[in-house]
Amino acid sequence: MDNRPIGVFDSGLGGLTAVKELEKVLPGESVIYFGDTGRVPYGTRSRETVRRYARQDMAFLTRHDVKAVLAACGTVSSTAGDIGAALPVPYFDVLNPTARAAAKRTRRGVVGVIGTNATIHSGSYTKALLQAEPGLKVFCQACPLFVPLVESGFVEPEEEITYLAAKRYLEPLRQAGVDVLILGCTHYPIISKAIGRVMGEGVELVDSGREAALALAEELKRREMLSGGERPRWAEYYVTDAPENFAGVAELFLGHSVEGVQVNDIESYWAESTT
Ligand code: DGL
């Protein structure tokens, strides 16, 4: 039994979709969430910069005495898995559990992957999918407009601007005959209806935050690291800029309000970013 919180981080708000799933599968667990709202987006940055930011974010969480770290960010998961694997606590990310789930669920062996520029250009999803099932056909598409659309609140299914962007990005995947589509960015479940509208009913959408939450739950159980006793769960939220914006949009991601969002100076973790 381990009553310490689970540490979850993302470049900003998107990781809250994974927290929402964690709340469902592990309702007794406390969470410390770190969103790097001052430096978002990560998905348009170089590999070196994403890795430096990821080191700092992980250092922040491990200094807060978490029992496990979840990188709830497709970009970090695709770029900095080796940094996470070296942490002193169990590390989880969205990449491998999502690839395994998609490989299992495809009927035709044709899988689509969408994510940020950095995620798609890393080639990590293709590698993980082919490791899980060598015969798969994989079609990838970067969707750089999706994150700003979500952050700007264009999230309703009837929102034409989001539908048009989705159609432009996803039509080639639909025509390629994918029957499973990986939402490789934790922002994308928020616009899953627009994505589903383009892809059609026969295509299953795989939510990377959900798959990561399920994998984390299973592994903490296996290691006998779940919380016990009567203590109520709690959550703390840290950001690097504009806490009031975070609190406002967090409700959209989580389905409930958050309070007491704290600002943290991530640059003070500079030393960790170079070691
Ligand atoms: N949360 C990031 C991801 O899942 C998307 C936002 C960003 O580009 O930082 O890749």
Side-chain angles (χ1 to χ4, degrees), residues 7-22 33-58 61 69-81 83-84 92-99 102 112-126 128 140-155 162 165-166 169 181-192 195 205-213 216 237-242 245-246 249-250 252-254 266:
V8 182
F9 76 99
D10 178 42
S11 55
L13 285 150
L16 290 173
T17 57
V19 173
K20 186 177 177 190
E21 297 303 327
L22 267 182
Y33 184 85
F34 171 75
D36 197 359
T37 52
R39 302 191 297 196
V40 68
Y42 285 9
T44 52
R45 297 183 194 276
S46 68
R47 183 172 183 275
E48 290 66 37
T49 300
V50 173
R51 287 173 63 80
R52 182 161 58 81
Y53 288 177
R55 268 201 188 92
Q56 291 176 323
D57 304 346
M58 292 182 204
L61 287 175
V69 168
L70 169 60
C73 174
T75 304
V76 168
S77 302
S78 303
T79 318
I83 298 172
F92 302 86
D93 64 27
V94 296
L95 177 67
N96 288 308
T98 308
V113 184
I114 55 175
T116 64
N117 281 331
T119 296
I120 297 306
H121 294 150
S122 74
S124 298
Y125 264 108
T126 304
C140 299
Q141 176 67 51
C143 305
L145 286 176
F146 280 0
V147 168
L149 282 167
V150 171
E151 300 256 338
S152 309
F154 295 113
V155 297
T162 305
Y169 287 136
L181 179 66
I182 291 179
L183 309 184
C185 169
T186 44
H187 277 69
Y188 296 176
I190 299 290
I191 53 166
S192 62
I195 294 170
L205 308 183
V206 182
D207 175 341
S208 56
R210 173 155 182 82
E211 297 309 326
L216 186 150
Y237 301 91
Y238 294 86
V239 294
T240 47
D241 198 14
N245 292 352
F246 179 88
V249 190
L252 179 69
F253 283 77
L254 278 178
I266 195 66

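Order of appearance sets the numbers: ligands from 1, and atoms from 1 within every ligand. Reckoned from all heavy atoms, side chains included, excluding hydrogens, waters and symmetry mates.
Atoms of ligand 1 lying under 4.0 Å from at least one heavy atom of Y42, given by number and element, are 7 (C), 8 (O), 9 (O). Atoms of ligand 1 lying under 4.0 Å from at least one heavy atom of S11, given by number and element, are 1 (N), 2 (C), 6 (C), 7 (C), 9 (O). Heavy-atom contacts of D10 reach the following atoms of ligand 1: 1 (N), 2 (C) (cutoff under 4.0 Å). Shown in contact with T186 at under 4.0 Å from a heavy atom are these atoms of ligand 1, numbered in order with element: 1 (N), 4 (O). Short contacts between ligand 1 and T116, defined as distances under 4.0 Å to a heavy atom of the residue, involve ligand atoms 5 (C), 8 (O), 10 (O). Listed by number with element, the atoms of ligand 1 under 4.0 Å from a non-hydrogen atom of G43 are 7 (C), 8 (O), 9 (O).
Side-chain contact between T186 and S208 is present, with at least one heavy-atom pair separated by less than 4.5 Å. Residues F9 and D36 are not in side-chain contact: their nearest non-hydrogen atoms beyond the backbone lie 4.5 Å or more apart. Residues V76 and D93 fail the side-chain proximity criterion, which asks for heavy atoms closer than 4.5 Å. When side chains are defined from C-beta on, C185 counts as touching V147, because their heavy atoms get closer than 4.5 Å.
Nearest non-hydrogen protein atom to atom 10 (O) of ligand 1 is T75 OG1, 2.7 Å. When hydrogens are left out, the protein atom nearest atom 3 (C) of ligand 1 is G74 N, 3.3 Å; that is the closest non-hydrogen contact.
Here N245 contributes atom CG and L13 contributes atom CG; the two are 8.5 Å apart, rounded to the nearest 0.5 Å.
By the 30° and 60° cut-offs, the orientation of the rings of Y188 relative to F146 is perpendicular.
Using a 4.0 Å cutoff on heavy atoms, C73 counts as a contact of ligand 1.
Of the heavy atoms in C185, both backbone and side-chain atoms come closer than 4.0 Å to ligand 1.
Checked for salt-bridge contact, R39 and D57 meet the test: a charged N lies under 4.0 Å from a carboxylate O.
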